[in-house]
Amino acid sequence: MADGGKMKGVEGSGEGTGHGEDMDEEAQEELELALSLGRRGWHLPPVPVPPPAPALRWSMVFPAWDPDAAGSSRAAESVWDSPPVPPLRFRDMWRGGGADADAGGAREAEEHNNVEEEEGSEDGDRDLQNKRPKVGAFGEESSGVNASFFGYEAPHLHAFAEHDHLKLSHGPENELDFGLSLISNDGGNDIPRETNSHGVCDVERSGGTNAEDLEIRMDLSDDLLHLIFSFLCQKDLCRAGAACKQWQSASMHEDFWKYLKFENTRISLQNFVNICHRYQNVTNLNLSGVLSAESLVIEAITFLRHLKTLIMGKGQLGETFFQALAECPLLNTLTVSDASLGSGIQEVTVNHDGLHELQIVKCRALRVSIRCHQLRILSLRRTGMAHVSLNCPQLLELDFQSCHKLSDTAIRQAATACPLLASLDMSSCSCVTDETLREIANACQNLSVLDASNCPNISFESVKLPMLVDLRLSSCEGITSASMGAVCFSRILEALQLDNCSLLTSVSLDLPHLKNISLVHLRKFADLNLRSPVLSYIKVSRCSALRCVTITSNALKKLVLQKQESLCNLSLQCHNLIDVDLSDCESLTNEICKVLSDGGGCPMLRSLILDNCEVGLESLNLGICPKLSVLRIEAPNMSILELKGCGVLSEASINCPCLISLDASFCRQFMDDSLSQTAEACPLIEHLILSSCLSIDVRGLSSLHCLQKLALLDLSYTFLMNLKPVFDSCLQLKVLKLSACKYLSDSSLEPLYREGALPMLVELDLSYSSIGQTAIEELLACCTNLVNVNLNGCTNLHELVCGSDYCRSGDMPIDAFPPDSAPDKTKEIRESSDCQLEVLSCTGCPNIKKVVIPSTANYLNLSKINLNLSANLKEVDLKCSNLYNLNLSNCNSLEILKLDCPRLANLQLLACTMLQEDELKSALSFCGALEILNVHSCPQINTLDFGRLQAVCPTLKRIQSSPIA
């Protein structure tokens with residue numbers, strides 16, 4: 001290959017840089033584009049046929065093997081720096097010896113040696129610098145490979161270094177099959193770079209290993225290659241195509257070349273024409289930043305009849321270019337950016353009947369004329385032109401942003417010539433006046449989007465745009481409060497932007513469709529009055545003079561009015577408002593409490609931020625202050641106080657007469673004195689959470705008599721042993737949580753089931769407590785007012801057998817009723833009414849073995865039972881007429897299941913490994929409403945035959961199961 005192996009088709013003119021220099025990046029990208037075309041894309045210079053010569057072995061110099069470059073475009077690129085070589089015939093490659101091969105190889109080697117002698121002075125230093133070893137190609141001094149690819153024959157494969165070697169094997173129809181020989185690099189099996197081998201067979205024998213067995217063939221189907229290559233860009237496709245013949249063919253598929261992206265790429269005219277000739281179904285073409293892009297398009301325009309999108313950028317585009325676009329009848333999108341249009345003294349005309357979108361951005365032209373009858377979108381943003389003429393009757397969107405040279409008259413004539421115009425952007429066109437806006441409003445009745453920002457000469461007064469949906473008037477110095485009258489005429493307006501309007505003092509709008517409004521940096525703005533049922537976003541910032549805000553909306557959920565120092569009057573009628581941030585509104589008074597209270601206009605309010613605002617507090621959360629040790633607070637309007645996590649709080653003085661809820665959980669040093677003082681000062685407390693308050697004792701509980709309205713008391717994770725103050729004082733208590741109270745004994749709960757204490761109690765939590773079997777049975781039998789009972793993790797629960805006559809004298813201890821007790825009162829409690837129990841939870845009870853609830857227990861309201869993770873549970877017998885949900889998951893020992901639950905709809909039996917299928921069918925036969933059954937990981941139950949289970953329970957709709965191995 002002449003000129004140091006460089007392609008003449010790359011540069012177009014045939015000028016190379018000399019094979020002593022490396023290709024620059026532009027030439028490299030051009031090379032990769034050419035590689036993807038095979039025979040059509042570019043042409044190698046003819047290889048001279050060497051004259052006959054004495055028989056010598058053929059050899060050549062290969063570049064050093066680079067594992068990272070193998071199979072990529074770099075592997076092909078390095079070839080161009082190699083000395084020219086004649087083509088290697090297939091029969092020479094497959095034969096390792098013979099007279100013909102020896103003679104041909106000798107002639108080739110002699111020719112090559114002559115070339116090396118002539119260029120030795122020039123190339124010798126480069127070979128030494130790059131350290132390129134000499135390897136042969138199937139000759140006496142060779143273990144390398146020479147192959148034919150991309151329609152020409154050239155050595156593009158390097159010799160493997162050390163222990164990695166490429167080899168060729170003979171396949172059908174003389175096709176090359178590349179494989180990787182994994183021969184270890186040890187002493188005896190090492191293959192040197194220069195070996196005296198005769199073909200592939202000798203190479204295999206040199207390693208002492210059967211390379212045929214170690215060969216890994218890279219044989220990918222065409223469909224799989226097509227799928228993989230669909231994720232590659234064109235540059236990567238070119239690199240992949242340099243790997244082998246199959247990959248070259250796959251990378252050249254027309255599906256990958258419908259979008260030609262040559263942005264900032266150096267490409268010759270002939271190469272570009274060849275590409276377009278080969279891929280005539282191209283739909284997208286990007287020539288932005290390509291030198292002489294105009295010439296490329298004009299020369300190849302006849303092959304681009306399917307082109308739909310064309311992107312041009314930089315350089316010069318004359319009248320000839322725009323006239324040539326008529327040869328592309330399917331073209332619908334044209335983008336031209338940062339280019340010079342025309343000769344500078346002539347008008348540039350764009351005339352195309354099929355064009356739908358035209359973008360001429362940041363270009364330079366004197367006059368522009370656009371005659372496109374199907375054009376829908378036109379952008380002339382930042383284009384320096386003095387005049388524009390439009391004949392686009394179907395135009396919907398027009399963008400004149402930052403067209404500083406356009407006069408007011410030119411903009412008016414252009415816009416009014418488009419009667420169907422729906423969107424107009426003329427922001428930063430400083431010459432636009434109200435007269436132009438009024439004429440546009442009369443001519444374009446369908447205008448719905450208008451951006452007139454940074455237009456200092458407009459006031460928007462007397463401008464009537466009834467179809468306007470989006471209006472932007474930022475940085476318009478002429479906008480005043482009088483302008484709002486014209487804005488109100490747009491009854492369907494949804495978005496309004498009035499930022500940086502320095503003369504605007506007030507905004508009063510009643511628009512039924514307004515959703516968004518932005519008011520930023522209005523120095524004289526003092527009054528805001530908005531009424532819209534769909535208003536959902538308000539941005540008010542840096543309005544230092546704002547004093548009054550009135551908002552009525554059903555859609556607003558968050559309101560942020562930070563740093564409005566003058567704000568003193570706030571009126572809100574926002575029934576779905578959740579979050580309000582009034583930080584640094586220093587002028588607010590306690591009147592704000594009326595607005596945000598339950599009787600105000602924000603009933604759904606959840607979060608109120610009043611940083612640096614001296615107003616009446618109704619809610620305070622100090623849980624973010626873990627180091628708080630002393631607290632003194634006096635807030636007459638406060639109703640909620642959270643101290644959760646104040647672990648070192650030891651002294652608290654809380655004087656909040658309206659306090660309803662106090663959460664002091666995890667306040668481990670919260671003392672009895674603090675509790676007593678709080679109970680006396682806050683008699684209206686209804687919810688009191690003292691979980692993990694380890695310092696609370698009986699003396700502190702004695703003060704609960706002050707809390708006559710206490711309904712919820714949480715004493716979980718405390719060291720309490722005596723609950724008598726609770727039973728004596730909290731007659732209105734409905735929820736009592738005693739989870740993980742390890743020091744409570746059976747006698748601690750006797751007032752509940754023997755004396756009828758806490759008659760209003762409906763929920764009792766004894767999870768992970770040390771309460772015994774007898775006390776639990778008595779509680780369930782006697783406390784008929786309980787609705788929700790939690791016995792999770794109770795280790796002393798062995799059996800749960802419920803029944804109206806279960807607590808017989810024979811079953812009770814001898815001293816169960818001491819002489820001074822009242823057994824008659826206990827019996828009266830038991831028989832007073834049916835049990836109100838609805839939810840019974842016994843999750844994770846490790847020792848429970850049996851659960852029986854007969855029909856005589858009168859648990860008519862019981863709807864949910866949870867026995868999950870009860871590993872030793874063996875028998876469950878339930879007759880509950882209203883039971884809806886039963887969870888027996890992870891009950892690994894369950895063997896007996898008897899159910900008579902006509903309303904049971906959900907049965908969970910996950911990982912019940914001992915339960916037999918016959919037992920399940922028998923249980924299901926009495927569950928006439930069951931819909932969901934979970935028998936996942938139940939090896940004894942076969943769910944493949946869904947019909948058998950459905951025959952037993954016809955209402956069954958879904959079975960959750962695992963496949964049977």
Side-chain angles (χ1 to χ4, degrees), residues 333 356-361 370 372 375-383 388 390 392-403 406 408 410-455 457-476 478-479 483-501 507 509 511-520 532 534-539:
T333 302
H356 286 179
E357 181 176 351
L358 176 59
Q359 304 273 349
I360 300 179
V361 180
I370 301 174
C372 302
L375 194 64
R376 300 293 194 275
I377 301 174
L378 173 61
S379 176
L380 298 171
R381 177 174 299 196
R382 300 179 64 188
T383 294
V388 60
L390 300 184
C392 309
Q394 303 295 323
L395 193 64
L396 300 177
E397 298 182 19
L398 179 58
D399 187 353
F400 282 137
Q401 182 185 11
S402 300
C403 293
L406 274 182
D408 183 38
I411 294 176
R412 183 189 313 169
Q413 293 176 351
T416 55
C418 307
L420 300 181
L421 196 64
S423 175
L424 175 60
D425 186 349
M426 52 184 183
S427 57
S428 299
C429 294
S430 56
C431 58
V432 176
T433 62
D434 284 335
E435 183 62 27
T436 295
L437 287 179
R438 282 190 287 268
E439 291 198 19
I440 292 175
N442 293 331
C444 306
Q445 297 291 332
N446 297 321
L447 191 64
S448 59
V449 178
L450 175 61
D451 190 347
S453 301
N454 294 288
C455 296
N457 296 325
I458 67 172
S459 64
F460 209 73
E461 296 182 18
S462 303
V463 178
K464 297 181 179 181
L465 292 168
M467 303 302 295
L468 205 59
V469 174
D470 189 347
L471 176 60
R472 303 171 192 175
L473 298 173
S474 297
S475 301
C476 293
I479 296 297
S483 306
M484 297 302 104
V487 174
C488 289
F489 188 81
S490 304
R491 298 296 296 171
I492 64 173
L493 189 66
E494 296 181 1
L496 177 61
Q497 190 176 90
L498 297 171
D499 300 344
N500 298 295
C501 295
V507 171
L509 298 174
L511 297 173
H513 299 280
L514 186 63
K515 297 180 180 179
N516 305 323
I517 186 170
S518 178
L519 302 163
V520 177
S532 173
V534 296
L535 185 63
S536 58
Y537 176 78
I538 301 176
K539 183 178 182 181

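Worth knowing before you read on, the calculation uses all heavy atoms, side chains too, and leaves out hydrogens, waters and symmetry mates.
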Between atom [atom1] of [X] and atom [atom2] of [Y], what is the distance when rounded to the nearest 0.5 Å?
X      : Y      : atom1 : atom2 : answer
Asn500 : Ile479 : CG    : CD1   : 12.5 Å
Ile517 : Leu471 : CD1   : CG    : 10.5 Å
Cys403 : Ile411 : SG    : CD1   : 7.0 Å
Ile377 : Thr333 : CD1   : OG1   : 8.0 Å

Taking all heavy atoms of [X] and all of [Y], pick out the closest pair and write down the distance.
X      : Y      : result
Asn457 : Ser430 : ND2-O, 2.9 Å
Cys444 : Leu421 : SG-CB, 3.9 Å
Ile360 : Thr383 : O-OG1, 2.8 Å

### Task
Flag the pair Leu375 / His356 as yes when at least one side-chain heavy-atom distance between them is below 4.5 Å, and no otherwise.
no
### Query
Any side-chain heavy-atom pair from Arg376 and Gln394 closer than 4.5 angstrom?
yes
If you count heavy atoms of other groups shown closer than 6.0 angstrom to [atom1] of [X], is the number above 12?
X      : atom1 : result
Met484 : CE    : yes
Arg382 : CZ    : no
Arg472 : CZ    : no

### Query
Do the charged groups of Arg381 and Asp425 touch, with an N to O distance under 4.0 Å?
yes
### Query
Is it true that the side chains of Glu439 and Thr416 contain a donor and an acceptor less than 3.5 Å apart?
no
